[in-house]
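Each chain gets a letter, A, B and so on, in the order its sequence line appears, and its residues count up from 1. Quantities reported herein were computed from a predicted structural model and do not represent experimental measurements.
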Amino acid sequence: MGTFHSVFAKILRNHSQKIGYPTNFTIYDSQDSKSLLKTIIKELNLDDKIYKPSLVHGRISSAKNNLISAAEYEANAEIVGEDRMSAKPRLFEIYKTYEKRCFMAGAMDFDDLLFKTNILLRDHPEVLHYYQHKFKYILVDEYQDTNYSQYLIVKKLAAVFTNICVVGDDAQSIYSFRGANIENILNFKNDYPDYKIFKLEQNYRSTQTIVNAANSVIEKNQDQIQKTVWTSNDVGQKIKVIRTLTDNEEGKVVTNHIYETKQNEQANNLDFAILYRTNAQSRAFEEALRKMNLPYKIYGGLSFYQRKEIKDLLGYFRLVANPTDEEALKRVINYPKRGIGDSSIERVIIAANHYGVSLWDIISRPRDYPTDIPSGAMNKISGFVTMIESFRVQLNKVDAHEMAQAIARSSGILKELYDDKSPEGVSRYENIQALLAGIKEFTENVGEDEIGYLHDFLSDVALLTDADQEKDENKDHITLMTIHASKGLEFPYVYVVGLEENLFPSQMALHSRPELEEERRLFYVALTRAEKLATLSYATSRYRYGNIITSEPSRFIEEINAEFLDIANPSRGAGVSMNQFNLERKIGRTKEPLFTTRRNLKKIEDSDPTNEQSATTEINPSDLSDLKVGYNVKHERFGKGKVVGLEGTPPIKATVFFPQVGNKQLLLKFAKLEILS
DNA sequence: CTTGCAATGACTGAT
DNA sequence: TCATTGCAAG
């Protein structure tokens, strides 16, 4: 039992040589992947403003999730055409180089764990045969969140016995951004014609109010499989809606509300969850909870294993276990500082590319691979190599904890952090100690007469999350997490916070119906986490990038059938009779009818305090109001371009194609476009 | 090669 | 706001 990634990482380790990888292959996390892509983009002399590493990564990731190799990517006219249209014609080169470099480094990224599993099962029938008979029965949970790559693995493994059961709910599909494909549920019928379907329409978790409210929201989606979810539970309380002026106030009000509910209902902290759209929202709630002395735990966010100091030490571990690991080498070769700077590392990379070997080969065998690295730097480098090699001698002799301590000490990391007496430095030092303690525990927990080696510990540390290393599980705390992380969980009292346009739904999702519908499903997931009481909150202004921005309530609040809502409003009092279009008025937010404000595109930020009211209306009406699709325009930064799309009447936003940079969405209010013809 | 300061840009989401 | 990058000086 495990996630796809962890199960197949283990299987890949058993057979890695068959596909040309070392047993000790490294798993690159997203940070590693992006960092490598950044280096490659620089090497190819491409502009990382156009070839943004995260964008490139997303593109490669979705290719892999659809089992498109770099060679197939290059040969695929449609894909290459798309890249050319978006002014990124050399993406396939980046993909090819990236694939090669990962292979040279003995590293797989997250997507490779599935991609290479498919290759292993495709090219090695004996391996496939073995696992087909090892796993006679297969159960896949949250099937709506599987992607094509995962789908194919399951299909292959189940091909002999066809003992397969999948559980999924299309209304809870919230991972399409990582390639999840709802089609997999539909394909199931074709792949296994003898299938039996069991509809689970009774909800045993939530009150009638919550179930019906959630239904009233999800029915706004066009893409859905029709079903009637119902419950025989109590009607329960109405869903509370809280409005506050600022994000900090939101934290306080929600915390107070939790405090009171705890008193009134004799509830535990564990009965409460605060759910938000983005990790960055946790801060206001942390502060408020700490002031009220309410224990809480934040899941996700910068997890333990993603912190810099932890990644640094793990970088040493990785390098010792697998010296060809390029990202690990780059991370630690000059940390702590030992006088090996960027230019020296660059020379190493150039030499490695020139000889077609790993970075480690260059620095560990300078005689075989002469370089132009100055002798001073080379001396420092060989000192580093000697240190790593001395660790490697020990690798299979002593256990993980002994090894880890030796590395932490001799590398200088421990001293470096110990000397830093700032609060952050102290906390980093403690984190390192916590990691070492965790490794100690690991070595003590392997079976008798066995030794837990460092590479055993390392083998799937990249796949660990906070939830895995849960130690104080029995402690009574309030739970803070993103909605994504909350899927599958349940709490008596749930607070869904930050229900504001541009935040939830995210501004990234406003441009297309499928994306907006995924946000709506996310909201559906959030609501249905609640057993007894769901509370929604939003703030009319919040800090973003250090500026205060104004925000308006999320459309999702209105989409709940008004009979299920209890809108806390000091001025008007809660009313049942008002229909949902009156919500804005009920809340007392605006004098204007809803639909006209909705049509005005939201300003992304409005930092000019003198100008708050007029900002939405003062669209330069004179020259740009008659802008039409097809016009040639000029932008001060992007140069000449052609208008390919417009939104609003009069136009507020334009999509403009610039030959240099591709399509850009511009707010006319800011863009200062000049009409050429 | 490192350091310090100014400028810049990022906040979806997670294996 | 916070972390990273670019640039000039030491």
Side-chain angles (χ1 to χ4, degrees), chain A residues 2-9 27-35 38 42 48-49 52-55 57-58 61 64-65 108-115 117 142 145-147 149-150 173-180 247 275-284 299-303 305-308 334-347 373-374 376-377 380-381 424 460-468 481-487 498 500 502-510 515 518-519 521-523 525-526 542-549 604-605 607:
Chain A
T3 63
F4 272 90
H5 288 83
S6 68
V7 168
F8 294 109
I27 298 172
Y28 277 177
D29 66 14
S30 317
Q31 272 180 53
D32 296 319
S33 302
K34 279 177 203 159
S35 147
K38 214 169 164 182
K42 216 163 77 190
D48 67 354
K49 297 269 158 43
K52 285 197 177 133
S54 57
L55 233 132
H57 182 244
S61 175
K64 284 187 183 173
N65 284 329
M108 295 195 199
D109 67 16
F110 282 142
D111 304 312
D112 281 333
L113 295 177
L114 308 172
F115 184 86
T117 300
E142 305 287 8
D145 288 332
T146 52
N147 60 35
S149 188
Q150 293 164 326
S173 162
I174 55 173
Y175 281 106
S176 70
F177 69 88
R178 66 179 198 217
D247 45 355
L275 306 180
Y276 33 76
R277 177 67 235 275
T278 67
N279 281 308
Q281 284 165 259
S282 66
R283 219 202 60 216
Y299 291 82
L302 249 203
S303 79
Y305 289 100
Q306 287 166 11
R307 299 199 182 134
K308 181 186 178 303
N334 198 31
Y335 180 83
K337 295 237 173 339
R338 44 177 78 87
I340 306 169
D342 292 346
S343 53
S344 302
I345 295 170
E346 206 152 297
R347 283 170 214 245
I373 299 167
K380 291 170 187 159
I381 290 176
E424 297 83 15
D460 40 25
V461 84
L463 299 173
L464 287 183
T465 63
D466 270 1
D468 290 319
M481 54 171 58
T482 63
I483 301 165
H484 281 92
S486 76
K487 197 166 65 150
E500 292 144 41
N502 289 334
L503 183 60
F504 191 19
S506 155
Q507 73 255 31
M508 319 287 282
L510 296 179
E515 284 179 299
E518 176 146 324
E519 295 285 303
R521 292 193 294 270
L522 192 58
F523 183 58
V525 168
R542 76 170 54 236
Y543 268 95
R544 225 165 177 190
Y545 310 132
N547 291 319
I548 296 173
I549 59 148
I604 311 272
E605 57 184 301
S607 49

Exercise for review: Identify whether any heavy atom of A:Lys380 sits under 4.0 Å from a base atom; if not, whether one sits that close to sugar-phosphate; answer base, sugar-phosphate or nothing.
Suggested key: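 Counting heavy atoms under 4.0 Å across all strands, no contact is made by A:Lys380.
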
Check your understanding: Touch check for A:Ser30, heavy atoms < 4.0 angstrom, all strands: base, sugar-phosphate only, or nothing?
Key ->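 Base contact.
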
Quick one: [X] [atom1] to [N] [atom2], roughly how many Å, whole number?
| X | N | atom1 | atom2 | value |
| --- | --- | --- | --- | --- |
| A:Phe4 | B:dT15 | CZ | C1' | 12 Å |
| A:Asn502 | B:dA10 | CG | P | 17 Å |
| A:Asp111 | B:dA14 | CG | C1' | 11 Å |
| A:Glu142 | B:dA14 | CD | C1' | 14 Å |
| A:Asp48 | B:dG9 | CG | P | 10 Å |
| A:Lys52 | B:dA10 | NZ | C1' | 9 Å |
| A:Tyr305 | B:dA14 | OH | P | 18 Å |

Review point. Got a sec, which residues hit side chain to side chain contact (heavy atoms under 4.5 Å, CB included) with A:Ala284, two or more places apart in sequence or on another chain?
Key: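 Side chain to side chain contact (heavy atoms under 4.5 Å, CB included) list for A:Ala284, sorted by chain: A:Asn248.
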
Review point. Sequence neighbours excluded, which residues qualify as side chain to side chain contact (heavy atoms under 4.5 Å, CB included) partners of A:Lys380?
Key: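 Residues passing side chain to side chain contact (heavy atoms under 4.5 Å, CB included) with A:Lys380: A:Ile340.
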
Exercise for review: Please confirm whether A:Lys487 makes a cation-pi placement over A:Tyr175, using NZ or CZ under 6.0 Å from the six-membered ring centre and within 45° of the ring normal.
Suggested key: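 No.
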
Exercise for review: Might you confirm whether atom CZ of A:Phe177 has over 12 heavy atoms from other residues, nucleotides or ligands at distances under 6.0 Å?
Suggested key: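 Counting neighbours around CZ of A:Phe177, more than 12 heavy atoms of other residues, nucleotides or ligands fall under 6.0 Å, so yes.
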
Check your understanding: Any Lys/Arg nitrogen of A:Lys64 or A:Asp112 sitting under 4.0 Å from an Asp/Glu carboxylate oxygen of the other?
Key ->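 Counted as a salt bridge, because a side-chain N and a carboxylate O are separated by less than 4.0 Å.
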
Point to revise | Distance in Å, A:Asn334 CG paired with A:Ile345 CD1, rounded so as to fall on 0.5 Å steps | key: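 If we round to the nearest 0.5 Å, A:Asn334:CG and A:Ile345:CD1 are 6.0 Å apart.
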
Point to revise | Interatomic distance, A:Leu510 atom CG to A:Glu519 atom CD [nearest 0.5 angstrom] | key: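 Result: 8.0 Å between the selected atoms.
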
Practice item. Check whether any side-chain N or O of A:His57 sits under 3.5 Å from a backbone N or O of A:Ser30 as a donor-acceptor pair, and report yes or no. Key: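 Checked: no pair found.
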
Check your understanding: Are the side chain of A:Arg277 and the backbone N or O of A:Leu503 linked by a donor-acceptor pair below 3.5 Å?
Key ->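 Side chain of A:Arg277 to backbone of A:Leu503: no pair is present.
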
Grab the N/O contacts between the protein and nucleotides 2-6 of chain B below 3.5 Å, and write none if there aren't any.
residue: B:dT2; atom: OP1; partner: A:Asn334; partner atom: ND2; Å: 3.4
residue: B:dT2; atom: OP1; partner: A:Gly339; partner atom: N; Å: 3.4

Check your understanding: By side chain to side chain donor-acceptor pair (under 3.5 Å), which residues pair with A:Gln281, not counting sequence neighbours?
Key ->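 Testing A:Gln281 for side chain to side chain donor-acceptor pair (under 3.5 Å), a comparison that skips the adjacent residues, returns A:Thr278.
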
Review point. If you find the nucleotide of DNA chain B closest to A:Pro374 and the one closest to A:Phe110, which residue's nucleotide is nearer the 5' end?
Key: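 Looking at DNA chain B, the more 5' nearest nucleotide goes with A:Pro374.
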
Practice item. Using heavy atoms to find the nearest nucleotide of DNA chain B for A:His5 and A:Ile345 separately, return the residue whose nucleotide is more 5′. Key: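 Residue closer to the 5' terminus by nearest nucleotide: A:Ile345.
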
Review point. Quick one: does A:Leu275's side chain get under 4.5 Å of A:Met481's, heavy atoms only?
Key: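 Counting from C-beta outward, A:Leu275 and A:Met481 do come under 4.5 Å.
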
**Study point:** Contact boundaries on DNA chain C for chain A, cut-off under 4.0 Å to non-hydrogen atoms
**Key:**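 Under 4.0 Å from chain A, the extent on DNA chain C is C:dT1 to C:dT5.
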
Between N or O atoms, less than 3.5 Å apart, protein on one side and nucleotides 11-13 of chain B on the other: list the pairs.
residue: B:dT12; atom: O2; partner: A:Arg277; partner atom: NH1; Å: 2.6
residue: B:dT12; atom: O2; partner: A:Arg277; partner atom: NH2; Å: 2.2
residue: B:dG13; atom: OP1; partner: A:Asn279; partner atom: N; Å: 2.6
residue: B:dG13; atom: O4'; partner: A:Arg277; partner atom: NH2; Å: 3.4

